[in-house]
Amino acid sequence: MNHRLLPLASRLRRELFATPLDGLISVGLVVGLGAGLQALLHWALTQADWAVVQANSTLLVVGRYPLEQQWRLWLLTALLCGAAGITWGLLRGRGWPRSDRLAAAVLLVLGVVLPASLGLTAPIQQRWWWITGLLLLGRWAAGCWGAALPLRWRRLLPLAWPVLYLLGLGLIGGGLGLMTVRPSQWGGLLLTLIEASFAILVCFPLGIALALGRRSALPLLRWCSTLYIEFIRGAPLITLLFLGQNILGFLLPGGLAPDRVWRAAWILTCFAAAYVAEAVRAGLAALPRGQWEAARSLGLNMAQTLLHVVLPQALRVALPATVGQFITLLQDTTLLSLIGLLDLLGVARAVMANPEFLGRNAEVYLVLAVLFWCCCAALGLGSRALEHRLNRHSLRSEP
Amino acid sequence: MTEAMPSLDTAADPRAVMIEARGVEKWYPNGFHALRGVNLTVHQGEVVVIMGPSGSGKSTFLRTFNALEDFQKGSIVVDGIELSDDVRRIDAIRREVGMVFQQFNLFPHLSVLDNLTLAPTLVRHRNKAEVQKQALELLGRVGIHEQAHKFPGQLSGGQQQRVAIARSLCMEPRILLFDEPTSALDPEMVQEVLMVMQELAKEGMTMVVVTHEVRFARQVADRVVLMADGDVVEIAPPEQFFSAPQHPRSRQFLSQIS
């Protein structure tokens, strides 16, 4: 019998008060949660002074990005939100299931309430309304007419994202007629997202290559991959970051050593790649030998076997662990503040050091925690949707 | 042992030679001597059934034909191509030699139809629509036309094995190898797979089958090969092999399985 169909009272009794001990635990938890929430609300509404966040919201989000060039970031945000809406719509189609209605409602509230509560000026508030509207419009339009588009067009969608990513880097950094904004001027959430997204995108293929290398039949390749993975996994990230900042400059001839920001991004990438490699290796190991043999005996060569038979299955197994690694990576970007980069935490520390807002650490840290939580939750939701999609059709074959 | 089986091997048979194994020896990395100078010739259109106790090396021997197992001594010529370490040569042989496994080894992430069309489109660069048409015909032949868009995990063992046979056939191989094709099946599904194999034999497919199915060997095989301890001990037509086995190991084996 489906528990959801029971009346509320008997459902409660069944789920919360089935035995005296269950009841005791439930009551204890409810009381504890209530007390905690009340204390937090009391603090947030009466004691906290949110001026520190309101006054520094721009700084926290983009750092010292030049004011007159910030239209580029607005444009990029609008493009990303539009593309996200269209992707969402194409994946879901015409219908609006409950989860979609909920997500749309949350977005609307965020788009209207958040800018207002931050005390942003009216024109900027309106920009957020437009952007939220664009996202939902994209969702609606693509949902309605996406299916009517020729299949060839819809196939382009996965390609649109990397293109958009490169375009975004171009917009942020400038060049080609746009004024150059050097990486040292990037900061805040912007820098955190650039570092994390770059590392995530590049460490994934790198990790796959390392995992394949570690299982290769060529001894030298196998040893090198193993050595690399074990060395990286044995060293704390912060050490590697300091090492990268100090040594890379000496090792590479002057012009070749990347800028401090990109240096850190590459260190993050190489670090995460070793962990992704281990997740992918587990996926490869889970694949029965018979899959290789069947593919090879059909005449597929090594590359075709990997691309069409081995990796699709191995990556599906490795996906949850890999996304866990991505989430860790996103949080690890806070270490950049320790090597002097103004990422989200770095900017926040600068704000807290401002005598004007002395003693307002709790407010800033809370906002930081919520921002990180939002980014990680988005990653987690995305991966679960992807996992669901990959597993939609196939039940695993068990002979 | 070669001298114990005169007329049945090679020379007299006018049909083309499809597989020629001479003095094949294999040691596993742990030193186990798995194949001890095995000889076997398979002619075009012939059905050869290899039997023998477990550990006798029959599967290992079969898997040397398409280079899934390597060997250290001797030679194997398949369809005129001699096996060597040359990857391109191995790929060329594998294109012409289909294999059906005990555990089916279908690709679980692909639909039944895609399981069939993957290799012909990738390896033979054939037109996808044309291959799909052929694949549906093949699925019809093995009696699972209506399951084309399901995934392997949704089929029974017998159905999966028939899909695996159709997948091999879709590459239009000149030889089919069967490695204990019915050993992983529930008893009631064995027959449906054997029927398909029997049909193939009737159509003149060259087949080498490792199996324990005596009835199949009796009805379909042209010759039965008995392997023991890494070597062939007897090759005989089925009626002779099952009614009057020559070698003591054959008699021992037959008494154990009946």
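Chain A is the first sequence line, chain B the second, and so forth, proteins listed ahead of strands; every chain is numbered from 1. What you see below is based on every heavy atom in this structure, not just the backbone, and it leaves out hydrogens, waters and symmetry mates.
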**OP:** Check whether more than 12 heavy atoms from other residues, nucleotides or ligands sit under 6.0 Å from atom CZ of Arg126(B), and answer yes or no.
**Re:** yes
Original post:
Any side-chain heavy atom of Tyr228(A) within less than 4.5 Å of one from Ile232(A)?
Top reply: yes
Original post:
By a 4.5 Å heavy-atom criterion (distance strictly below it), what part of Phe107(B) contacts chain A: side chain, backbone, both, or neither?
Top reply: both
Subject >> Side chain, backbone, both or neither of Leu122(B) within contact of chain A (heavy atoms, under 4.5 Å) >> reply: both
**OP:** Heavy atoms only, distances under 4.5 angstrom: which of Leu177(B), Asp91(B), Leu68(B) has the most pairs with chain A? Name it, please.
**Re:** Leu68(B)
Subject >> Under 4.5 Å from a heavy atom of chain A, the part of Arg167(B) involved >> reply: both
Original post:
Are Trp88(A) and Trp140(A) close enough that their ring centers fall under 6.0 Å?
Top reply: no
Subject >> salt_bridge(Glu293(A), Arg63(B)) N-O dist < 4.0 Å >> reply: yes
